[in-house]
S.K.: 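Quick one: structure below, then a few questions.
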Amino acid sequence: MNRHFLGDTTVLLGRSLRHIARSPDTIITTAVMPVAFMLLFVYVFGGAIETGSDSYVNYLLPGILLITIASGISYTAFRLFLDMQGGIFERFQSMPIARSSVLWAHVLTSLVANLISLVVVVLVALLMGFRTGTGVLGWLAVAGILVLFTLALTWIAIIPGLTAQSVDGASAFSYPLIFLPFVSSAFVPTASMPGPVRAFAEHQPVTAIVNAIRDLFAQEPVGSGIWTALAWCVGILAVAYLFANLTYRRKIS
């Protein structure tokens, strides 16, 4: 059964990746907006923002990486919606394939596409002066957090991809996720925010994840912060995975 699932997922993943290869503009578009935010905040607003960091691009990059993922997963919902509308799911149901492989192919496609976009953003940040002394283990830890965050948001994206009634509805859900880093420590320290906003910012997942990545890049002790970030990622992933699969079963039943 596992071999059957892996083989089917691999075939469907290849199909999805070929679609992306034929329209690389989706990856370019995903990277353009975060890069534009990074240019805007570093070169226009950066001089007026006090973060206590020597380099604002170093402070800013973790939040930009999360925005990159949040904007990228909208394409997962979009591609899934097109498959639903095109009747490909009905064709898959008539074939002897593992049902879950259909969703996993979309999830893994999202992971590959988002990792490419993240690499592009990091390369641009390096050109803008981003520097880190963290070693291989630090980079692996950052990559692990970003992979978990991507998987968590991608499984959230599966739900509107399955249930949306229009193309706009399938991708519009990502807008609040893109906005969330703006009410966090991604752009400015939370200490500068008014009381209620600060309370929200300090207790939402983006702040914990951004702070953990920032500490890893700065080679500072992460303490319990990294466990809080991982707990948020795993918790969101588990809940989103459960509801996405329940929605999928209702759709194909």
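Hydrogens, waters and symmetry mates play no part in the numbers below; they use all other heavy atoms, side chains included. Residue numbers start at 1 and run along the sequence shown. Since this is a predicted model, take the numbers as computed values, not measurements.
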S.K.: Assign the ring pair F179 / F182 to parallel, tilted or perpendicular, where the plane angle (0 to 90°) is split at 30° and 60°.
M.R.: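 Plane angle under 30°, so parallel.
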S.K.: Hey, could you give me the CD1/CD1 distance between I236 and I156, rounded to the nearest 0.5 Å?
M.R.: 6.0 Å
S.K.: I need the T68 OG1 to F37 CZ distance, nearest 0.5 Å.
M.R.: 10.0 Å
S.K.: I would like to know whether L66 and L146 meet side chain to side chain contact (heavy atoms under 4.5 Å, CB included); could you show each step before the answer?
M.R.: CA-CA 8 Å; L66 299 196; L146 293 176; 3.9 Å; yes
S.K.: Any side-chain donor-acceptor pair under 3.5 Å between N211 and S185?
M.R.: yes
S.K.: Mind telling me whether F130 and F217 have parallel, tilted or perpendicular rings, with 30° and 60° as the class edges?
M.R.: perpendicular
S.K.: Look up atom SG in C233 and atom CD1 in I209, then write down how far apart they are to the nearest 0.5 Å.
M.R.: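 Here the interatomic distance stands at 3.5 Å.
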S.K.: So L216 and T132, do their side chains get closer than 4.5 Å, heavy atoms only?
M.R.: no
S.K.: Can we call the ring centroids of W104 and W155 under 6.0 Å apart?
M.R.: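 Yes - the distance between ring centres of W104 and W155 falls below the 6.0 Å cut-off.
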S.K.: With side chain to side chain contact (heavy atoms under 4.5 Å, CB included) as the test, would you mind laying out the steps for T154 and H106 before giving the verdict?
M.R.: CA-CA 9 Å; T154 299; H106 280 282; over 6 Å; no
S.K.: Look at the rings of Y75 and F78 and say which category their plane angle falls in: under 30° parallel, 30 to 60° tilted, over 60° perpendicular.
M.R.: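 Taking F78 first and then Y75, their aromatic rings stand perpendicular (interplane angle over 60°).
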S.K.: Can a donor-acceptor pair be found between the side chains of T190 and E202 at a distance below 3.5 Å?
M.R.: yes
S.K.: Between A201 and M193, what is the shortest heavy-atom contact and its length?
M.R.: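 Smallest heavy-atom distance, with atoms named: CB-SD, 3.6 Å.
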S.K.: With rounding to the nearest 0.5 angstrom, report the CZ to CD1 distance, F81 to I158.
M.R.: 14.0 Å
